[in-house]
Amino acid sequence: MDKNIANDINGKLNFLLEDHGVTFDDSNMALDSLDTFHKKADALLVAHNCEIPEAAHDITGLQPKLNMLIQGHGAEFDDSNLDPNSIDTVLQKLEILHDEHGA
């Protein structure tokens, strides 16, 4: 994965974690890893009192987690025309979440 994209995703997830008051230590994690993104999304779901869905630790598996977070913020986002295997879809969903947090 492109380092700039990974940094962007981590930055957005870290902001959301901080805004929810979640302490998350990623110092021993590969910051360009999908597994790291999943763990951060899982921590956000826990902060929202959501049950973490079973999902493969790939880009497609992030989609339902991000959808739950978007819905948990009362936002609407139609991803029916987007590729669930695309990191761009993940970035668009993170932008929606940032907007919901006034970022």
Roughly how far apart are [X] [atom1] and [Y] [atom2], rounded to 0.5 Å?
| X | Y | atom1 | atom2 | result |
| --- | --- | --- | --- | --- |
| N81 | D79 | CG | CG | 8.0 Å |
| E51 | M68 | CD | CE | 7.5 Å |
| M29 | N10 | CE | CG | 9.0 Å |
| L97 | K93 | CG | NZ | 10.0 Å |
| E100 | L16 | CD | CG | 10.5 Å |

Partners meeting side chain to side chain contact (heavy atoms under 4.5 Å, CB included) with [X] (sequence neighbours left out):
| X | answer |
| --- | --- |
| D83 | N85, S86 |
| A55 | K65 |
| Q71 | none |
| D25 | S27 |

- Message: Main chain of N4, side chain of D8: is a donor-acceptor contact present, judged purely on distance under 3.5 Å?
- Response: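 Such a contact is absent between D8 side chain and N4 backbone.
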- Task: Taking H98 for its side chain and K12 for its backbone only, find out whether a donor-acceptor pair lies under 3.5 Å.
- Result: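 At least one qualifying donor-acceptor pair exists.
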- Among L45, N14, D35, L62, whose side-chain contact (heavy atoms from CB on, under 4.5 Å) with K40 holds?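 When side-chain contact (heavy atoms from CB on, under 4.5 Å) is applied between K40 and each of L45, N14, D35, L62, only N14 qualifies.
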- Query: Given the rule in the side-chain contact (heavy atoms from CB on, under 4.5 Å) test, do V90 and Q63 qualify, once you have shown the distances and angles that lead to the verdict?
  - Reply: CA-CA 7 Å; V90 169; Q63 305 304 338; 3.5 Å; yes
- Item | Exceeds 12 heavy-atom contacts within 6.0 angstrom, atom CG of N28 |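 Not more than 12 within 6.0 Å, no.
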Tell me the closest heavy-atom pair linking [X] and [Y], and the distance in Å.
| X | Y | answer |
| --- | --- | --- |
| A43 | V22 | CB-CG1, 4.2 Å |
| I96 | A75 | CG2-CB, 4.1 Å |
| K39 | F24 | O-CE1, 3.7 Å |
| A47 | H20 | CB-CB, 4.3 Å |

- Check the pair I5, L91 against side-chain contact (heavy atoms from CB on, under 4.5 Å), reporting the backbone distance first and the verdict last. CA-CA 9 Å; I5 292 172; L91 289 167; 4.3 Å; yes
- Task: Identify whether L31 and L94 are in the same connected component of the hydrophobic contact network (ILVMFWY, side-chain heavy atoms under 4.5 Å).
- Result: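 As far as the 4.5 Å side-chain criterion goes, L94 and L31 are not connected within one cluster.
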- What residues form a salt bridge (Lys or Arg N to Asp or Glu O under 4.0 Å) with D58, not counting sequence neighbours?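 Salt bridge (Lys or Arg N to Asp or Glu O under 4.0 Å) list for D58, sorted by chain: empty.
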- Query: Of all residues at least two apart in sequence or in a different chain, which pass the ring-ring contact (aromatic ring centres under 6.0 Å, His included) check with H57?
  - Reply: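 Once residues adjacent in sequence are excluded, the partners of H57 under the ring-ring contact (aromatic ring centres under 6.0 Å, His included) criterion are H38.
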- Item | Note, N7 side chain near K3 side chain (heavy atom, < 4.5 Å) |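 Contact flag for N7/K3 side chains = yes.
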- Task: Answer yes or no: is there a side-chain heavy-atom contact under 4.5 Å between I87 and I9?
- Result: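 Of all side-chain heavy-atom pairs linking I9 with I87, at least one is under 4.5 Å.
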